[in-house]
Number of protein chains: 2
Amino acid sequence: MSVSENQELKQVLREHELKATNQRIALLKLLDATREHFDAEEIYLELLKKQKNVSRATVYRSLEALVEQDLVTRLDFGDGRMRFERSKGDDEHHDHLICEECGKVIEFFNLEMEAQQLATCEEHDFTPSVHTMHIFGTCSDCKKNK
Amino acid sequence: MSVSENQELKQVLREHELKATNQRIALLKLLDATREHFDAEEIYLELLKKQKNVSRATVYRSLEALVEQDLVTRLDFGDGRMRFERSKGDDEHHDHLICEECGKVIEFFNLEMEAQQLATCEEHDFTPSVHTMHIFGTCSDCKKNK
DNA sequence: AATCTAAATGAGACTTATTTGCACTTGTGT
DNA sequence: ACACAAGTGCAAATAAGTCTCATTTAGATT
Ligand SMILES: [Mn+2]
Ligand SMILES: [Mn+2]
Ligand SMILES: [Zn+2]
Ligand SMILES: [Zn+2]
């Protein structure tokens, strides 16, 4: 099944005019397999751990290409490094609650909020491309441990 | 009137347990006088232009202290540097539309959106402290010039 | 299957925003 | 005016991310 997963990922890359290199396949497979929000360094270390040969430069360059093709989404939690997650379909768009105590990330989707975003853009004759809706605070678990 | 403005700012700083140094007064006065979203380097250069003697290190350290005291708000538009604006009262909270073409920033406030944020937090038993709602896209002007 | 070539990679130098160590200065309480 | 902790300036140090260039490789072509 890993064999056919690789084939699928190769296909995906080619459909987006990207050469299906081992590095890109491994990176995409890594992001496919997790709900974490990794930064570039974490991705690099994970790939090394999995015996994939890859360099930091390639991680950065691949992420750039994958984000460009909207196969990967870049997230900015405001702590000085970019994070990445596998793009889900439009139907799976979500925003984030980020716990300032433990770093946990909770994903949510609120249709009304999205509607208000569009309404606001229209009011200002502004054409949106992407948005960032990050709510920082304290998660349920961290409140208990106080 | 600039004299009394200085006195007011000194007072504000002291109320927040910060020594009222010339550098901090000048920085706060600069942010008070604009609706721009400056980054640290821009602030540094503006202060130099105004003949204020100040170093980059002090700009960074002052901003940190002022943000800590919630006198200044730190904004991250995802372009690799932090931006800052004078904190407004809760009543003047706003979010941002950011034009990817020309960099223009449009401020907006949407009560329903804020309400949905609180609702979402409650659903997840999450206590919010701050949020970022940034919508990137193309502004009205930039659409015309196409 | 061998050959070709543009695109991709690896290693490390480089850039840029921000932080830090340390000697010196200044705001503020007495 | 004095004392001293807090703040500052300068330069060196970090750290995320980018770039250069020699080498490799995916995928198209014989
Ligand atoms: Mn997510
Ligand atoms: Mn603003
Ligand atoms: Zn938590
Ligand atoms: Zn614009």
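Lettering follows sequence order; numbering is per chain, from 1. From a predicted model like this one, the values you see are computed outputs, not experimental measurements.
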message: Given C:dA17, D:dA5, C:dT9, identify the nucleotide with an atom nearest to the side chain of A:Ser62.
response: C:dT9
- request: Give a yes/no answer on whether the side chain of A:Asn22 brings an N or O atom under 4.0 Å of OP1 or OP2 in C:dA8.
  value: no
- prompt: Does A:Tyr60 place a side-chain N or O at less than 4.0 Å from the phosphate oxygens OP1/OP2 of D:dT18?
  reply: no
query: Nearest nucleotide by nearest heavy atom, which residue falls closer to the 5' end of DNA chain D, B:Arg24 or B:Ala57?
result: B:Arg24
task: Using five pairs at either end of the helix from C:dA1-D:dT30 to C:dT30-D:dA1, determine the angle between the two local helix axes and round it to 10 degrees.
output: 40°
message: By the definition side-chain hydrogen bond (donor to acceptor under 3.5 Å, both in side chains), identify the one residue from B:Arg83, B:His96, B:Glu42 that meets it with B:His37.
response: B:His96
message: Quick check: do A:Lys144 and A:Asp141 have side-chain heavy atoms less than 4.5 Å from each other?
response: yes
message: Let's go through B:Leu31 and B:Val72 carefully: what are the C-alpha distance in whole Å and the side-chain angles of both, what is the deciding distance for side-chain contact (heavy atoms from CB on, under 4.5 Å) to 0.1 Å, and is it a yes or a no?
response: CA-CA 8 Å; B:Leu31 290 185; B:Val72 167; 3.8 Å; yes
- request: Could you check which of C:dT18, C:dA11, D:dG9 has an atom nearest any side-chain atom of B:Ser55?
  value: D:dG9
message: Can you tell me if B:Asn53 touches the phosphate of D:dG9, counting only side-chain N or O atoms and a distance under 4.0 Å to OP1 or OP2?
response: yes
field: A:Gln23 vs C:dG10: side-chain N/O to OP1/OP2 distance below 4.0 Å
entry: yes
message: Looking at A:Thr58, I'd like to know whether one of its side-chain N or O atoms comes within less than 4.0 Å of OP1 or OP2 on C:dG10.
response: yes
query: How long is the gap from SG on B:Cys99 to NE2 on A:His124, to the nearest 0.5 Å?
result: 13.5 Å
